[in-house]
There are 2 protein chains.
Amino acid sequence: MDLNQFLPYQLSILSLKISNGIAEHYQDQFGINISEWRVLVILYKNPDVTAKRIAQLTQMDKVRISRTLKTLVQKGYVAQRPHPLDARAKNYELNDRGQYLMRAVIPDALRYEEELLSQLTSDERDQLSHLIGKFNRILK
Amino acid sequence: MDLNQFLPYQLSILSLKISNGIAEHYQDQFGINISEWRVLVILYKNPDVTAKRIAQLTQMDKVRISRTLKTLVQKGYVAQRPHPLDARAKNYELNDRGQYLMRAVIPDALRYEEELLSQLTSDERDQLSHLIGKFNRILK
DNA sequence: TATTTTTTGTTTCAAATGAAACTAAATATT
DNA sequence: AATATTTAGTTTCATTTGAAACAAAAAATA
């Protein structure tokens, strides 16, 4: 009964450790916070997403998503268009400025990840990505 | 350059997924929030800890720790005593009520973890615990 | 040993957060 | 078709959060 090993606890500490370091860097370097970063990643990968879809993909609160999208539109990184099938929803996508931003941020992010992953063996890297995938499937 | 695979991002989503589910349960069942839970875990494992030590162990902000400890003392789960060597600091430890609480909470927490881990193979479980340990060493 | 710097922890205050209530539209039910 | 229910997203408001300023003690330096 070793609580030091308690998984959710360990995982949240680990996740905090990693994102604490990253958050400050993003703010200083690009003027975006973690919420904005998460939403930008989704928008970068997905052409037309609604707030609901972002909620599903990020596990973020809908209020937070609503406000983050508003900010990103105000900052001029994101375009919003009416949803063709649902008048309540909007489709969001990166505009040119957003694309440009992401092309600056991503290499930076990947460099950080690289630095972290370089300290794992190739087997460990495989295991890690396998485990993350598996957990995400388990947790719906 | 697959951002879906971006580790810090994946990890924070995963960690959120897991703790979102847990947080509500702890609040309903035991009236404690995640901050309190984290500090209680530390106090359960360590006999005499200061706020500083808790910060090191949990990655939590010092203001949050200060307030969480105050709450836990008020709720009657934690005793505080002057630090023998440093008049600025205090030593904290679970009192009887705190011990009693943890003996109720822990089996519950472990049951949840069990449920999660039962969906991994024995190899995957080993890999997971190895990886968490390794990351924690890498990240100081 | 007097003075400066650093460390530990708390308080203040402005910003971030999210539950609850709300609007408006879509879907289901009668 | 009319009405009720559910869904998508926003606003309000009370709470949580943490940066910055602070107090007090310890450690370092002169």
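Because the structure is a prediction, the values reported are computed rather than measured. Each chain gets a letter, A, B and so on, in the order its sequence line appears, and its residues count up from 1.
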- Task: Would you kindly give the CG-to-C1' distance between L57(A) and dA8(D), to the nearest whole Å?
- Result: 16 Å
- Count the heavy atoms of every other residue, nucleotide or ligand shown that sit under 6.0 Å from CD of E114(A), and state whether that count exceeds 12. no
- Query: Taking CD1 from I34(B) and C1' from dT17(D), how many angstroms apart are they, rounded to a whole number?
  - Reply: 15 Å
- Message: Measuring from the side chain of D86(B) (C-beta onward, heavy atoms only), which nucleotide among dA25(D), dA26(C), dT17(C) has the closest atom?
- Response: dA25(D)
- Task: Measure from NZ on K90(A) to C1' on dT7(D) and round the result to the nearest Å.
- Result: 16 Å
- Task: Could you check how far CE of M60(A) sits from C1' of dA19(C), rounded to whole Å?
- Result: 17 Å
- Item | Nucleotide dA26(D), atom P - distance to CZ of R88(B) in whole Å | 6 Å
- Would a 4.5 Å heavy-atom cut-off, applied to side chains only, mark M102(A) and L43(A) as touching? no
- Item | Closest to the Y92(B) side chain, choosing from dA26(C), dT7(C), dT10(C) | dT10(C)
- Query: Under the criterion salt bridge (Lys or Arg N to Asp or Glu O under 4.0 Å), which of R67(B), K70(B), K75(B) is the partner of E36(B)?
  - Reply: K75(B)
- Task: Could I get the full list of side chain to side chain contact (heavy atoms under 4.5 Å, CB included) partners for K134(B), not counting sequence neighbours?
- Result: L120(A), E124(A), H130(B), R137(B), I138(B)
- Query: R38(B) has an atom CZ; how far is it from atom C1' of dT16(D), in whole Å?
  - Reply: 14 Å
- Item | Minimal non-hydrogen separation, V78(A) against N95(A), with atom names | N-ND2, 3.7 Å
- Item | Side chain to side chain, W37(A) and V105(A), heavy atoms closer than 4.5 Å | yes
- Task: To the nearest Å, give me how far apart CG (N33(B)) and C1' (dA19(C)) are.
- Result: 16 Å
- Query: What parts of residues 61-72 of chain B reach DNA chain C, counting only heavy atoms under 4.0 Å away?
  - Reply: K62(B), V63(B), S66(B), R67(B), K70(B)
- Rounded to the nearest Å, what distance is computed from the NZ atom of residue K52(A) to the P atom of nucleotide dT6(D)? 15 Å
